[in-house]
Amino acid sequence: MTSPLPQDALALLKRLGVTDAAFAAAGLAARSPITGETVTTLRETSAAEASAAIGRAHAAFLAWRKVPAPRRGEFVRLLGEELRAAKDDLGLLVTMEAGKVTSEGLGEVQEMIDICDFAVGLSRQLYGLTIATERPNHRMMETWHPLGVCGVISAFNFPVAVWSWNAALAFVCGDSVVWKPSEKTPLTALAVQAIVETTMKRFGPEAPAGLSEVLIGGREIGDILVQDHRVPVVSATGSTRMGQEVGQKLAARFARAILELGGNNAAIVAPSADLDLALRGIAFAAMGTAGQRCTTLRRLIVHESVYGALIPKLIKVYGSVTIGDPREAGVLVGPLVDEAAFQGMQAALSEAKAAGGTVHGGERVTVGSGGFYVRPAIVEMPAQTGPVARETFAPILYVMTYKTLDEAIAIQNAVGAGLSSSIFTLDMREAETFISGEGSDCGIANVNIGPSGAEIGGAFGGEKETGGGREAGSDAWKAYMRRTTNTLNYGTTLPLAQGVSFDVNA
């Protein structure tokens, strides 16, 4: 029997402004992990249409770069207003399409609103420098200019927030945006595009057609975006394998890559840790979004003196957490995105057992008549072996012990990914060591909070196999602009730098 979810999702799309032109009798099937049902079928973007969309975006850039940055900020302010008005509907659509619990779906839209607020202020702070020059009657400075079309390739687990991290900054920086969403979450992308188009109408003719484009389809459409020379910067979120392919193609044509790739994140629990605080932080970081965040906690490194006090409590929490339809009140863990994710989780657990691990949980849970729901798993491991050293995109937490802080940091850093990390400690020396140059080698290093749940004010991204990209706050905006160094001579002579002399007879 078909559930009412498809009808509810289609009603949301209509309220959010998605038109019938997006749908087709045959094309990309948009599914919900809540029930496993196909919600609708979407018209896919052809190769010719993708090229045309990039062409429109390039033409839009040529016009948009002339609009003063604070005025571009006004456009993003209006976009934030539209997102506020649509928050409940868009948040529910995120829940239906990505399987996030209600608070996380709403939280993702709030993150979009927050980055719009950040970008509005940024539109008056695209600062360059005045630089001291050795030459008299000269001034040297740097200025920042719009770069061009910004390509965005996003993943299913944050179907709209990651676009906003890039788009809000790109818009105020003077760039246009072409978005290729995950084929697993295209509906939310169409809804966001409808919201952007409403914003453009409110803003008026200064917002050119083509300022925001969406490409619906699979890997081949993303490849067109990556290889088009009219796209000077591409932000891609996904697996390390995907990033290796994208990065090489972008490097071949000297385009910029903002890569947000895998994360095999760890937390250290020190002898002095507030264990109640650590328990709550670990639970959200490891089980939130059913373990399908790039910042999900996957490795827990516990001092042997507190292991016996912490782990039994954690196992109890894992055994009692509510799993179910993410739209229902009280549910904390929703479904995995699809069967492939479930099979990947089961394969990793089998491998962990073979490596000497003791598994608690991990079994499939029946919820309704469809979807892949699982009990989050804790795996006590004798060492960091087998699947522990790689990312499995599912709620598996591998637990190990340590004796010294140096040993714990070495365990944490001994994996390919370098996204996020944390330590739970009340010892100032341990905390400072962890965030120092000899501590965590990740792009994010936290103290007394888990590795998951970053705010937009800081630059988000990681090192090593995580790709090195940075998005959202701090000075991440510089990736969407080009820098020029300018020297102005307001004198009557022509002194050269470094004492060079080159006199000619005029």
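Since this is a predicted model, take the numbers as computed values, not measurements.
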*Stepwise side chain to side chain contact (heavy atoms under 4.5 Å, CB included) check, R483 with T143*: CA-CA 6 Å; R483 182 198 327 236; T143 53; over 6 Å; no
*Could you go through the side chain to side chain contact (heavy atoms under 4.5 Å, CB included) check for I396 and L349 one step at a time?*
CA-CA 8 Å; I396 303 175; L349 291 176; 3.9 Å; yes
*For S212 and Q193, run side-chain hydrogen bond (donor to acceptor under 3.5 Å, both in side chains): C-alpha distance rounded to whole Å, both residues' side-chain angles, the deciding distance at 0.1 Å, then the answer.*
CA-CA 7 Å; S212 175; Q193 176 65 11; 2.7 Å; yes
_Let's go through V399 and Y307 carefully: what are the C-alpha distance in whole Å and the side-chain angles of both, what is the deciding distance for side chain to side chain contact (heavy atoms under 4.5 Å, CB included) to 0.1 Å, and is it a yes or a no?_
CA-CA 9 Å; V399 184; Y307 190 92; 3.4 Å; yes
*Could you go through the salt bridge (charged side-chain N to carboxylate O under 4.0 Å, His left out) check for E463 and R470 one step at a time?*
CA-CA 10 Å; E463 302 299 326; R470 293 298 185 274; 2.5 Å; yes
_Worked verdict on E183 versus R31 for salt bridge (charged side-chain N to carboxylate O under 4.0 Å, His left out)_ = CA-CA 10 Å; E183 54 268 41; R31 296 183 173 88; over 6 Å; no
*asked:* side chain to side chain contact (heavy atoms under 4.5 Å, CB included), that's the test. Do L90 and I195 meet it? Break it down for me.
replied: CA-CA 10 Å; L90 185 56; I195 292 169; 4.1 Å; yes
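Using a 4.0 Å cut-off between a side-chain N of Lys or Arg and a carboxylate O of Asp or Glu, R429 and D427 do not qualify as a salt bridge. Look at D117 and R84 and you find a salt bridge, because one of the NZ, NE, NH1 or NH2 atoms lies within 4.0 Å of a carboxylate O, short of that distance. Here R253 does not pair with D228 in a salt bridge; the nearest charged N to carboxylate O distance is not below 4.0 Å. Ion pairing of E245 with R219 is present here, as a side-chain N (NZ or NE/NH1/NH2) and a carboxylate O approach within less than 4.0 Å.
W477 and Q125 are not linked by any side-chain donor-acceptor pair at a separation below 3.5 angstrom, with hydrogens and angles left out of the test. With hydrogens and angles left out, the side-chain atoms of T425 and S272 include a donor and acceptor closer than 3.5 Å. Side-chain polar atoms of E471 and S235 form a donor-acceptor pair below 3.5 angstrom. For N486 and E142, the side-chain atoms include no donor-acceptor pair closer than 3.5 Å. Between the side chains of Q384 and R299, a donor-acceptor pair is found at a separation under 3.5 Å. Q412 and S440 share a donor-acceptor pair across their side chains, judged by distance under 3.5 Å alone. Using modelled atom types and a 3.5 Å distance limit, the side chains of E304 and T401 yield no donor-acceptor pair. Side-chain contact, T466 with E260: no donor N or O sits under 3.5 Å from an acceptor N or O. There is no side-chain donor-acceptor pair under 3.5 Å between T102 and T95.
For the pair K184 and D338, the tightest heavy-atom approach, listed with the atom from each and the gap, is NZ-OD2, 3.0 Å. The nearest pair of heavy atoms linking V172 to G73 is CG1-CA, 3.9 Å. Of all heavy-atom pairs between I113 and G80, the closest is CG1-O, 4.3 Å. The two residues L250 and V226 come nearest to each other via the heavy atoms CD2-O, 3.4 Å. Contact between F61 and G174 at its shortest, heavy atoms only, is CD1-O, 3.3 Å. Nearest heavy atom pair, residue A255 against residue V231, reads CB-O, 4.1 Å.
Listed for the K87 side chain is no donor-acceptor partner under 3.5 Å among the backbone atoms of G107. Between the side chain of R256 and the main chain of P232, no donor-acceptor pair closer than 3.5 Å is present. S176 places a side-chain N or O within donor-acceptor distance of the main-chain N or O of A57, the cut-off being under 3.5 Å.
When the salt bridge (Lys or Arg N to Asp or Glu O under 4.0 Å) test is applied to R72, no partner is found at least two apart in sequence or on another chain. For E339, there are no side chain to side chain donor-acceptor pair (under 3.5 Å) partners two or more places apart in sequence or in a different chain. With sequence neighbours excluded, the residues satisfying side-chain contact (heavy atoms from CB on, under 4.5 Å) with N446 are S420, S422, I444, I449. Residues satisfying the side-chain contact (heavy atoms from CB on, under 4.5 Å) test with A278, not counting sequence neighbours, are I282, F424.
Looking only at side-chain heavy atoms (C-beta outward), Y402 and I268 come within less than 4.5 Å of each other. Side-chain contact between S421 and P451 is absent, with no heavy-atom pair separated by less than 4.5 Å.
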Considering only distance and modelled atom types, tabulate donor-acceptor pairs under 3.5 Å from the side chains of residues 355-362, sequence neighbours left out.
from : atom 1 : to   : atom 2 : distance (Å)
H360 : NE2    : E380 : OE2    : 2.7

Only distances under 3.5 Å count here; give the side-chain donor-acceptor pairs of residues 285-293 to other protein atoms, sequence neighbours excluded, each with its distance to 0.1 Å.
from : atom 1 : to   : atom 2 : distance (Å)
T289 : OG1    : E104 : OE1    : 2.4
T289 : OG1    : R293 : NE     : 2.8
Q292 : OE1    : V337 : N      : 2.9
Q292 : NE2    : T289 : O      : 3.2
Q292 : NE2    : P335 : O      : 3.3
R293 : NH1    : S452 : OG     : 3.4
R293 : NH2    : E104 : OE1    : 3.2

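Taking the six-membered ring where tryptophan is involved, the planes of W163 and W179 are essentially parallel, since the angle between them stays under 30° and well short of 60°.
Here the rule is side chain to side chain contact (heavy atoms under 4.5 Å, CB included) with L314, and of V302, I378, L275 only I378 fits it. Shown are L83, V214, V177, L79; of these, the side chain to side chain contact (heavy atoms under 4.5 Å, CB included) with V196 is made only by L79. Screening S103, P159, S164 for a side chain to side chain contact (heavy atoms under 4.5 Å, CB included) with E108, the sole residue that qualifies is P159.
To the nearest 0.5 Å, atoms CG (N264) and CD (E465) are separated by 10.0 Å.
The cationic group of R364 does not satisfy the cation-pi geometry with Y373, failing either the under 6.0 Å distance to the six-membered ring centre or the 45° limit from the ring axis. Under a cutoff of 6.0 Å and an axis angle of 45°, K313 and Y318 do not form a cation-pi pair.
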